[in-house]
Amino acid sequence: MKIPFNLPPKSSHEEQYIAQAISNRKLSGEGSFNKKCTEWFNKNLPTLMTVITPSCTSALEMAMVLADIGPGDEVILPSFTFTSTANVVALYGAVPVFVDIDPRTLNIDPIAIEKAITPRTRVIMPVHYAGVGCEMDRIMALAEPKNIWVVEDAAQGIFASYKGKALGSWGHMAAFSFHETKNIVCGEGGALTINDKRLLARAEIVRDKGTNRQQFLNGQVDKYTWQDKGSSYLLSELSAAFLLSQLEEGPQITERRLKIWNEYNQGLAELEKQGHLTRMTVPSEAKANAHIYYILLNSADVRAALWQFLRDRDIQSTTHYVPLHSAPAGVKYGRISGSLKVTDDLANRMLRLPMFADLSTDEVAYVVDSIDAFFKR
Ligand SMILES: *Cc1c(COP(=O)(O)O)cnc(C)c1O
C-alpha cells in the first residue's frame, strides 16, 4: 500500500463550471464565478466583504496595504508558521516580531502577544494552525483598545470556528488559502475577508491595481484612474469556476476529513497511554476542520526514526515549519520577543500523518498499525 501525504479533493461540478466559464467569454476576475464565490462567503461567513484573490499570500499582502504598514512598524506573529505570514510584513518594510506558541494547540500565545506589544505595533497576525482556532476573544481584547489591526491567517481555517464564530470573521481582516494542499482547493487561490467598515472604501481600489475601475464598471464614474497604492489581486474565472464547485461541496469534504481525523485519534489512543507519543488535541471551544493530524514524539531522534520507518513502508508523513525566527530571512528582517522555547521544542518533535478527503479507513488503519509496529520493534 502506497499512501501519499496529500491529494487534492475532487468535487462534482468542476468540469461543468469551467466549461461554462469558457462559454461565457468572460475570463477575468469580475466574471460570474468570481461573483458566486464571493456570494458564497457573504452567505456562509458573517463578514462585511470578501474578495477572491490569487492566493492566501496575496490576500495577506492586500491586508498589509489596507493596514498601511511600512518602515518603523511592527507586526506580531508566531514563529511557527508558513513563510508568507512574515514575508508580507518584510515586503512592506515593517518588522515581523516573532512570539511563542501555546503547547496545547501550537497557536500563538496571547500572553506572549501582550508582552510583545510596543507603541510601534500596528498589526497582530494569529495563525489558526491545523484549522484549530486561536484564542480570538483574548487577542481582540488586547488589540482593540490600542487600535492595533488583527489580520487572521486563516489559510488552514475554512469550515472551522472558535467559540461558535467562524474563523475568518473574528479579526479586522482574514486570509484564506485554496492552494492544492488545503481542505478546499482550486490549485492556487485565496480570499480576503474584511470585517471592519473603515477598511471597505479602499478595498476595491487596492485590489484592482490602485484604480477605481469597479466604480467605473458599476456606472458610478465615466472613466477610471489611478487612485491609491494597489496591485492585481484578482483570480482568473477558470480557477473561480473550479473553486465554486469545491466550496459548494465543502461541508461533505470537511466531514470526510473529520472522520479520518477521528480514526487516527482513536487508533493512536493506546500508544499515547503507553507514553510513546502525544496526540494532537482540539480544545472544546474550537470546532476544527481536520486540516492536519499531527503527533508529537518524545524526541527529535524518535521522530526522525519513525519518519524513516513510515517511508520504508511507502507512507509519506512529514514534519512542518522550520521556525521563522531561525530561518535566514527571519534573522535578517525579524526580531524575537520573549522565549521561543515551545516553538523550538515542538517543531522538532512533530510529525504530520497523511490527511486528505479520499483516504480510506483501511489506509488509516495501515498508518496506525505501522506506527504501532515501530514502537513494538
Ligand atoms: C498555505 C499557507 C499560506 C499560503 O497560502 P498560499 O495560498 O499558497 O499563498 C499562508 N499561511 C499559512 C499558515 C498556510 O498554511
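Counting convention: from 1, in listed order, for ligands and their atoms alike. As the structure is a computational prediction, the values presented were derived from the model and not from experiment.
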Residues Glu285 and Lys163 bridged, charged N to O under 4.0 Å: no

Ion pair check, Lys36 and Glu39, cut-off under 4.0 Å: no

Pair Trp40 + Phe159: ring centers closer than 6.0 Å: yes

Hphob cluster co-occupancy, Tyr224 + Leu217, side-chain heavy atoms under 4.5 angstrom: yes

Ring centroid separation Phe178 to Phe242 under 6.0 Å: no

Side-chain donor or acceptor of Asp228 paired with backbone N/O of Thr211 under 3.5 Å: no

Ligand 1 N/O to protein N/O, distances under 3.5 Å:
residue: ligand 1; atom: 5 (O); partner: Ser177; partner atom: OG; Å: 3.3
residue: ligand 1; atom: 7 (O); partner: Cys56; partner atom: N; Å: 2.8
residue: ligand 1; atom: 7 (O); partner: Ser177; partner atom: OG; Å: 2.7
residue: ligand 1; atom: 9 (O); partner: Cys56; partner atom: N; Å: 3.3
residue: ligand 1; atom: 9 (O); partner: Thr57; partner atom: N; Å: 2.8
residue: ligand 1; atom: 9 (O); partner: Thr57; partner atom: OG1; Å: 2.5
residue: ligand 1; atom: 11 (N); partner: Asp153; partner atom: OD1; Å: 3.4
residue: ligand 1; atom: 11 (N); partner: Asp153; partner atom: OD2; Å: 2.8
residue: ligand 1; atom: 15 (O); partner: Gln156; partner atom: NE2; Å: 2.8
residue: ligand 1; atom: 15 (O); partner: Lys182; partner atom: NZ; Å: 3.3

